[in-house]
Each structure stands twice: as C-alpha cells, then as structure tokens.
Amino acid sequence: MSWLPLSFGAPMVLWGLLALPVIWYLLRLTPPRPRTEVFPPLRILARVLRREETPHQSPWWLTLLRLLMAALVVTALAEPIFNPREKLPAEGSALALVIDNDWASAADWGKRVATAERLIADAGSNGVPVVIAFTAEKPNAEIGPFDASAALDRLRAAKPRPIPTDRPAVYARVAATLERLPGASVAVLADGLAATGDEAAFKTLLERNAARLVWATSDRLSLTGLTGADNQVDGFTLTAIRGPGDPAPAQVTAGAFDDKGRRIADAALTFAPGQATATGTMKVPFELRNDFASIALDGEHQAGAVRVLDESSKRRRVGLLSQAEADQAQPLLSPLYYIRRALQPFADLVEPSSADLADAIPQLLDQKPAMIIMADVGTIPAQVRQRLVDWVNNGGTLVRFAGSRLAAAGNDDDLLPVRLRSGERALGGALSWTTPQPVTEFPKNGPFADLAPPTEVTVSRQVLAEPTPDIVERTWATLADGTPLVTGMKKDKGTLVLFHVTPEATWSNLPISGSFVEMLRRIVQLSRNQGAAVANAEAAAASLAPYRMIGADGALVPPTPDARPLVPAAGPLPVTLENPPGVYGSETGVFAHNLLNASSTFTPLARPQVSLPVTAIPYAFDESENLKGPLVTLALLLMVLDTLAVFWMGGLFSRRPRRAAATAAALLIVFGGLFGHADFARADDSKPGDSQAIQDISKTRIAYVITGEPGVDSISRAGLEGLTRFLIEKTALEPGPPAGVDISKDELTFYPLIYWPIDATAPMPSEAAIARIDAYMQQGGTVLFDTRDQFSNGIGAGSASSATERLRDILGNLNVPPLEPVPSDHVLTKSFFILPEFPGRFNGSPLWVEASLDASNTENRPVRTGDGVSPIMITGNDFAGAWAVDENGDPMLPTVPPDPMQRVYALRAGVNIMMYMLTGNYKSDQVHVPVLLERLGQ
C-alpha cells in the first residue's frame, strides 16, 4: 500500500489506529494520582485560600497527548517512507555490479556509491547474491559472489583511483564468475569515458550469461582535463580538453602552485562553441615560472585536471659569451647566431655589455645563470678565472665550443672536460687523405642516449682530445672514426661540456641541424640542480622512487602502499596502480609522470548494442527517507512530557525550588500551546512577600540589627558568619547565611535570635520600631544586646558609657523582665559546652539574662523556669568582634587580652546561646529522668 509521497513497508500495522477510541475511553476513566503534600506550615498557609480540587478523570489534554503518542508508535511500526523510490531490477540468479572507480569517477563518487547501494539493497531484499568488481583495482582482487551485507562492506571500502580503467581484464573475470550463475542481472556503473578494448570487453561480459543489463552513466561528459603545460619564451602555455560536441562556450581557470602548495599564478582557458580544446598562457616572469611545481584546473576534483612539473618544465637563464666581433652585415657568421636560435624557445638568454672577458664574465656571473656558453673563447683572464671555477664547482654548467682561439689557448683542467691536443684537425680537402666524418650512435652513458644520430651531419674540422683512460666515459657524442664530437664531465656540483667544433657552420653543419637544438636542450636540462640527478638516472634507465602522488581527487598526497618505483623513458609511460601519476625521485630531482598527455582526448562511452532487456538509470542519491526513527523519537519525547505532566499533577515539583517548578510549568504551557492553545494557568491566591517568607523559614538564620553605621554592621555580619561556620563544624545545626534586619519594617518572627550591637552614634530607633522589638520578645524571640564596652556595674549603676546610656534609653520603652548574670547552674552553661563564663572580644562583662522566679532556691530554679528562654540578653564583651572572620576564615579583630583560647571560648559561648535558643531548658528537664523511670517501673 503506497501513495505519493509516502509509502509503508508494513501497511497492515495501520489497522492498529482503530484502537485509539478505546484507548481514549480507558484513559478518561483513569484519574491522576492524588497530590501528596509534605507539611510545611507556612507554605500551606500561603495557599490556604486556593481552590484545590482533585479531578475524577484524566484531563483532556493529557488524554490527547497519550493518544498522539500511541498513534505515533503505530505509524512507526508500519515503517513509513517519505518520497519512496521504485525498486531497481536486481533479480535473477545474481546481481553483477561492475563499477568504474578510475580518476574520471572521483568527481561524483558519492552518487555512484549511493546508486550501487540501492542496487545491492534491492538484491538483498530479493535474496540474490552479489558479484562486485571495480575496474581500477588490483587484478587479483576478490569479486564474489557475496551476500548483500558483505557486498555493501566492499562497496564502502572502495575508493576512486587516479588511474584509467582496465575493463577488458575485469569484465573477463566477471564473465568467468557468471558462468556458475547463468541468468544474472548485470549492472554497469561506467565513468562515461571510452577506452581501448571496450567493444570486446562488453561482448565478453554480456553475450553469454547475462539476463538483463542495468546501465548507469552520467547525463553528460562534463570532465575537463589538462593535457599540456609548456614553459615558452613569453609564459607558460596550457592546453585543456573536454568532451567533444559541446555547443556551449566555456571558460575554465587554472592555477599554478609551488612545492608548498601556494598559488602563485593564474590563467584563463576558453573553449569555443563545439571545440574540445582550449589554450591559455600564464604570463609571469621566468623566475616565478621556475617555482611552479604543479598546475591545476579550478573546480575539477579529479586527477586529469592536474599536471605536475619537473625540471624539464622550468626555464633557466643561459649566458652567452664570444670573443668574436659581431658582423651586422653577415649575422650567419656570428659564433652565437645558431646558439641563440636553438636556445631561445626554452631558455632565457643573457649577454654581457662588454666584449672584454675581464668585464664580461663578472657581468654574466652577477646575473646567476644556470648555464654559460662560450663560443671559441680562448684563455680566461686570471682575475676572473677563479670566480668562474667556483661558479662551476657550486653547480653551474659551462658549455664551450671549439675554434681557433680555443685550439691555441692550451689546456685548462679546471674549465675543460678533457685534455686537448695542440692545434686542430682538418678532415677532407686537397691535401688530406681523410674525408668529413659523420656522427655515429650516441653513447649510452650520455644525456643524448635516446636521440637518433643525425645522418646528415658531417664534421670537417675539430679539436682532438688526448686519448686518456677516461676519455670513453666522458664522451657524449663521437664521429665515425671514433674521435669525440662532444665531451662532458661532472666537476663537483657542476658540469663541463665541450663541443669539439665551432658553433657556426664553418667546421661542421651540426649547428644548422635539428639535432643541435635537441642536444642543447638536454644540456640545459642537465644545468638544473635538481635535473642533473634525474637526467643521469633517466639515461641509465634506473628506477625512481615515488615521491609525491596525484590523488584521484586531484590533491597531491604521499605515495600509496601500492606505488612502485618508476623507470623513466623517452615516450609516454603508462599510468597504472603500481605507477600512479605524480612525481618520482627525491628532493634532489624529480621526474613528472602525468595522467594525460598531449594526444589524450575525451571520447564518450557508448552503450553497447545488445539484445538483452536494458534499464537505464541515472547516478543519484537516495532521496527516500525512512520515517520510523523520527516517529519513534517523537513518541519518546511525548512520553517524557507525559511523565513530567504526571509529576506536576502529583505535586512533585511543588516540593522543589521555585525555579524547577516554573521550568516544568513552562514546558507544559508550551506543549499545551501546540495542541489547541489550552490555558494551564493555575489560580494563585498568594500574597506579595509569601515566597520570600517561605524562603526565610526554610533554614534557621541568625539576624543582626542594621544600625546604619557601616563599620558596625560589617563587623556584625562577619561575626555571625564566623559563628555560623563554627556551628556547622561543631554541631548538627546548619544555619543559613546571616540576615540583616531593619527593625522598623522587616518581619522579625522568622529569626530565633537577633544580635543588636549598641552604638551611641547610630540613630535612635523610633517608638514604632521599639514596639516591634517588644512584640517580638513577647512572642518568644530573644534579643542579644551588646554594648561592646565591657560594662560590668549592673544596669542601675552610677556612671556608664555612651553605649550603655543608649541601651538604657532603648530598654526604657521595653517591657524588660528582672535580669541577673548567668548563674553557674543555668542551662546556658551546659546547653552544649560546659562554660563557667561567656567572654567575647573582651572578658569581664557578665552575660545578663532573665532572672529566675526564685533566685534564692538554687536547687529548684532550673526546674521552675520551665521550657521558656530569656527574651533578652545583655553583654559588653563584643561577641561579634570575637566571632568576625574574613573570606579566608581568619579572625578580623584581636581579643583583649590577645589570647587564642579566649576566641575559642567566645565561639563556644555563641554555640551555647544558639542551642539554648533552639532547645530551651531541655537539659534542665534531665533532673526528672529518675522520677519518670521510677513511675514507668510501677
């Protein structure tokens, strides 16, 4: 059962939705759990006027929430699929998947994998095995058959390779496997590019055991590749190709990168309508061109759009030097004419402004050329000779041409590769028995080894080399009679080369031949510091280790484990899994091995003409989406909301801090807004200040009177904080932070004890404030007055301090009971610690409390006072000064006298006062214990 854009894998499960009315009925009959209230007296009193009712059935919104949750679960079990796709033809005895994973497939590899996954999934649902093969993998890779799960694992482990396909070999292996599985469906996921041997490969694959062909390919061949990057005189010339027959013009950009990956140049290449080739030039100075390590087309993420460069692609500066005067009327006779014509296309030529060798040679060396060519230069001036020798030893290449001056100059072991005989040799002529000699095969140990010998070149005059033991290995070109034509040798880091003929066509016709250009080009390549090692290795046909490879996506990556050393050759080398595209060699010199060459073209792959049923499918991602997971997730979320709603209705959040309750209520209100915008606001009959009152009584707190004097108030707060810390450390009581109260307006009944430091400079409390204090004391509260003046002469004594006078004025308006110093057997002396006295910062003033009813009867006094506590205490010992601590817990004020134990006794006095306030005369009642036990025994 399906309808667009939604279908169900198990539509019969949807019949479960018919049970929703029954669920509705059952839920409406189930009332919520009654609210449970813990007995906090003031909190209940704050809500006493509220209308609290317990419903007899579940609220409609909670029922709707649960019905929606049940509907989501039923729908999820039906496996709904949004935007369902049609099943692909993956039936028969097996499914054979043949996938191109070459460089051309890298750009849209994700789509190819998604397409293959759909085919494998459909094959798995049909229960058929899967044969899966990739055309750019090792020839011995296992291809199956596999079950659907194993085939998916192999598909996801595969990746595109930066090499061409090998369809004939892979298709033959698949065809051999299908001989055991006749009637299979064959799915070809091609890259869209034709290759050699495709027709025979498709015939092998499809002609015998295939029952159906599934053909998947891109809509159009949109690849663009880079086939050439030549360093010319005026810039770097680039050549790009695309698929043929595209009628639209197009423009691509290319970037040049150095060996660190930095972009240093750009060029635009334009394809004309219908043209498959485009060219462009990077016009930058040759010094910048020499830093090019790779060139890549922008927006093309595949290996064909990247070219790596080696030393053969870099231009070098070449210095030209001659002692002959230039003849403007006869330029062909100039010693440098043919050299200029030969080197100009691939080198930058520089010449000195002076004909004097003493000035000309330094001028050339100052321009730091890679190579210097001397045309018939004889003796080098002594003042510049050493500098020229040092330049050669440090890596320079010196090329010299023979002539009458060189023949007469004599030998120079530092600037010539071989020793020369005096004079010159003439071949042919009326007085000679010999004839002009041709050039023979180039020696295998020289840089010209792969060049064909020029049959048209002959030599009529030359300078001869002395026949030394090393003459053979230093000879790069010879004549038919075995005499050297070109000799060369390595000298430290540099190279010395000698042409035994002149650079103009007087001794030989070599300068006017094409071989002359190629020979100079090879020597220019040798002149490069990195190119020397590669050129020698290339000439010796040695292998070069992989250095940096081009990945299938066009990125330069380290060598892969499959890469093997490369043996360079003159012509194009095949790109294989063992020799992928990239640069081979080392830091001292590299050889570029690129995927595309100048003759490469992009030919679209044609679908084979077969008699089998053919299904053409595009590469695309699977846009269908299974909604089972999201629906289950939504159902779980509704379950969490249902649980929170039940907790809220049961009163759980009412026993939590206000913030948690407000958060839960906000969640329920938001959820209610999603379903009918229901109003869940509860009537609140509480009065302003009720919440603060509830918070104040949640913990026992000690209060102090705010006098208005900052210094006094800060010491009071610090003192009560110190006492609070001591109480937490020594007792089971954990008071809250101290509270400063304004006796004229703050509620006082929340605090069992109020500490009042008397200060004569503070404003006198109003009559109303004193009346509030009097009411507080009458209702069971206690005020601890502290004059902080060590007053010890009694309340009615003669002379008194200003603080005591202020205390008298305050007490004159209060109903003060008779007072007495704390007797030795009073409850205060034993409520927690055993204390004979109550010191503070000072020690000398007694602690005054309410006098007992019969002060003379010391035996019965503790019993007859009952459980009441003294509503007033008076001291002059400055309790807060002794208790006060800073943020680190260190005392703020010293005791008088400075005795550490006095502070300890002061804190113990504070503990006894708090225990007395909270327990009353509990300890005194212990005298009744024997009598009670005796009566219980009766």
Side-chain angles (χ1 to χ4, degrees), residues 702 704-705 707 709-731 738 753 755-762 783-808 819-849 870 872-916:
I702 312 173
Y704 64 93
V705 175
T707 63
E709 294 294 327
V712 176
D713 294 341
S714 62
I715 293 299
S716 296
R717 183 170 186 84
L720 295 187
E721 287 179 351
L723 178 59
T724 299
R725 290 189 182 185
F726 194 77
L727 284 167
I728 294 173
E729 292 176 359
K730 302 298 182 180
T731 72
L753 176 68
Y755 176 77
W756 189 341
I758 304 300
D759 189 271
T761 61
V783 180
L784 173 58
F785 294 95
D786 193 343
T787 59
R788 302 171 298 140
D789 60 354
Q790 200 174 358
F791 176 72
S792 60
N793 296 323
I795 299 299
S799 60
S801 67
S802 58
T804 302
E805 293 292 341
R806 174 58 59 86
L807 176 62
R808 289 175 178 174
L819 304 177
E820 66 175 347
V822 175
S824 60
D825 56 351
H826 197 274
V827 177
L828 272 172
T829 63
K830 53 189 175 183
S831 60
F832 195 85
F833 293 103
I834 304 299
L835 294 176
E837 57 184 358
F838 297 87
R841 186 170 171 236
F842 310 116
N843 189 9
S845 174
L847 177 63
W848 294 82
V849 296
S870 176
I872 184 173
M873 298 182 186
I874 301 175
T875 185
N877 287 336
D878 190 7
F879 280 167
W883 299 337
V885 294
D886 57 16
E887 295 179 353
N888 298 324
D890 299 326
M892 297 178 61
L893 300 175
T895 60
V896 179
D899 182 5
M901 288 305 300
Q902 181 174 326
R903 192 181 308 278
V904 174
Y905 290 140
L907 289 169
R908 292 179 178 180
V911 172
N912 277 23
I913 291 172
M914 280 303 299
M915 294 296 107
Y916 171 63

J.: Can you find a heavy atom in the side chain of Leu784 that is under 4.5 Å from one in the side chain of Leu753?
T.: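 Yes. Closest side-chain heavy atoms under 4.5 Å.
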
J.: State which residues pass salt bridge (charged side-chain N to carboxylate O under 4.0 Å, His left out) with Arg717; sequence neighbours excluded, sorted by chain then number.
T.: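 So Arg717 forms a salt bridge (charged side-chain N to carboxylate O under 4.0 Å, His left out) with Glu721.
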
J.: Could you walk me through whether Thr731 and Phe832 pass side-chain contact (heavy atoms from CB on, under 4.5 Å), step by step?
T.: CA-CA 9 Å; Thr731 72; Phe832 195 85; 3.6 Å; yes

J.: Can you confirm whether Val783 sits close enough to Met873 that some side-chain heavy atom of one is under 4.5 Å from a side-chain heavy atom of the other?
T.: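 The answer is no; the side chains never approach within 4.5 Å.
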
J.: Looking at Thr875 and Asn877, what are the two nearest heavy atoms and their distance?
T.: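 Minimum heavy-atom separation between Thr875 and Asn877: OG1-N, 3.2 Å.
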
J.: Less than 4.5 Å apart, side chain to side chain, heavy atoms only: is that true for Leu847 and Pro821?
T.: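 A side-chain contact is absent here, since even the closest heavy-atom pair is not under 4.5 Å.
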
J.: Nearest 0.5 angstrom please: Ile758 CD1 to Arg788 CZ, how far?
T.: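 If we round to the nearest 0.5 Å, Ile758:CD1 and Arg788:CZ are 8.5 Å apart.
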
J.: Check whether any side-chain heavy atom of Tyr916 lies under 4.5 Å from a side-chain heavy atom of His826, and answer yes or no.
T.: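 Yes. Closest side-chain heavy atoms under 4.5 Å.
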
J.: Scan for ring-ring contact (aromatic ring centres under 6.0 Å, His included) pairs involving residues 881-906, sequence neighbours excluded, and state none if there are none.
T.: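 Counting only pairs at least two positions apart or across chains, the ring-ring contact (aromatic ring centres under 6.0 Å, His included) contacts touching residues 881-906 are Phe879-Trp883.
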
J.: Do you know the tightest heavy-atom contact between Thr707 and Ala762?
T.: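 That closest heavy-atom pairing would be O-CB, 3.7 Å.
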
J.: With heavy-atom distances below 4.5 Å as the criterion, would you say the side chains of Pro894 and Arg841 are in contact?
T.: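 Side chain of Pro894 against side chain of Arg841, heavy atoms only: contact under 4.5 Å found.
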
J.: Are Asp825 and Lys830 ion-paired here, with the side-chain N under 4.0 Å from a carboxylate O?
T.: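 Salt bridge absent between Asp825 and Lys830.
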
J.: Could you tell me whether the side chain of Val849 reaches within less than 4.5 Å of the side chain of Leu819, counting heavy atoms only?
T.: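 No, every pair of side-chain atoms sits at 4.5 Å or beyond.
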
J.: Are the side chains of Ser714 and Val712 in touch, meaning some heavy atoms are under 4.5 Å apart?
T.: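 Not touching, per the 4.5 Å side-chain cut-off.
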
J.: Minimum heavy-atom separation for Ala882 and Ala906, please, with both atom names.
T.: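 Looking at all heavy atoms of both residues, the closest pair is CB-CB, 3.7 Å.
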
J.: Given Leu828 and Ile913, is the side-chain contact (heavy atoms from CB on, under 4.5 Å) satisfied, shown in steps?
T.: CA-CA 6 Å; Leu828 272 172; Ile913 291 172; 4.1 Å; yes

J.: Nearest 0.5 angstrom please: Ile715 CD1 to Asp878 CG, how far?
T.: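 It comes to 8.0 Å.
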
J.: Distance-only, no hydrogens or angles: does the Arg908 side chain make a donor-acceptor pair with backbone N or O of Arg903 under 3.5 Å?
T.: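 No, because the side chain of Arg908 does not come within donor-acceptor range (under 3.5 Å) of the backbone of Arg903.
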
J.: Can you tell me how far CD of Glu820 sits from OG of Ser870, rounded to the nearest 0.5 angstrom?
T.: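 These two atoms lie 9.0 Å from each other.
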
J.: Taking all atoms of both residues into account, what is the closest heavy-atom pair of Ser845 and Gly876, and its distance?
T.: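 In terms of heavy atoms, the two residues are closest at OG-N, 3.1 Å.
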
J.: Quick check for you: to the nearest 0.5 Å, what is the distance between Thr787 atom OG1 and Trp756 atom CH2?
T.: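 Thr787 OG1 to Trp756 CH2: 13.5 Å, rounded to 0.5 Å.
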
J.: For the residue pair Thr829 and Val822, establish whether any side-chain heavy-atom pair is separated by less than 4.5 Å.
T.: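 Result yes, sub-4.5 Å side-chain heavy-atom pair found.
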
J.: For residues Asp789 and Thr804, is any side-chain donor paired with an opposing acceptor at under 3.5 Å?
T.: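 Asp789 vs Thr804: donor-acceptor pair found between side chains.
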
J.: So, for Met915 and Leu727, which heavy atoms are closest and what is the spacing to 0.1 Å?
T.: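 Taking every non-hydrogen atom into account, CE-CD2, 4.5 Å.
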
J.: Under a 3.5 Å distance rule, please check whether Gln902 uses its side chain to pair with a backbone N or O of Gly840 as donor and acceptor.
T.: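 Side chain of Gln902 to backbone of Gly840, a donor-acceptor pair under 3.5 Å: yes, one is there.
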
J.: Provide the closest heavy-atom pair for Met892 versus Ala718 in the form atom of the first, atom of the second, distance.
T.: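 Taking every non-hydrogen atom into account, SD-CB, 3.5 Å.
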
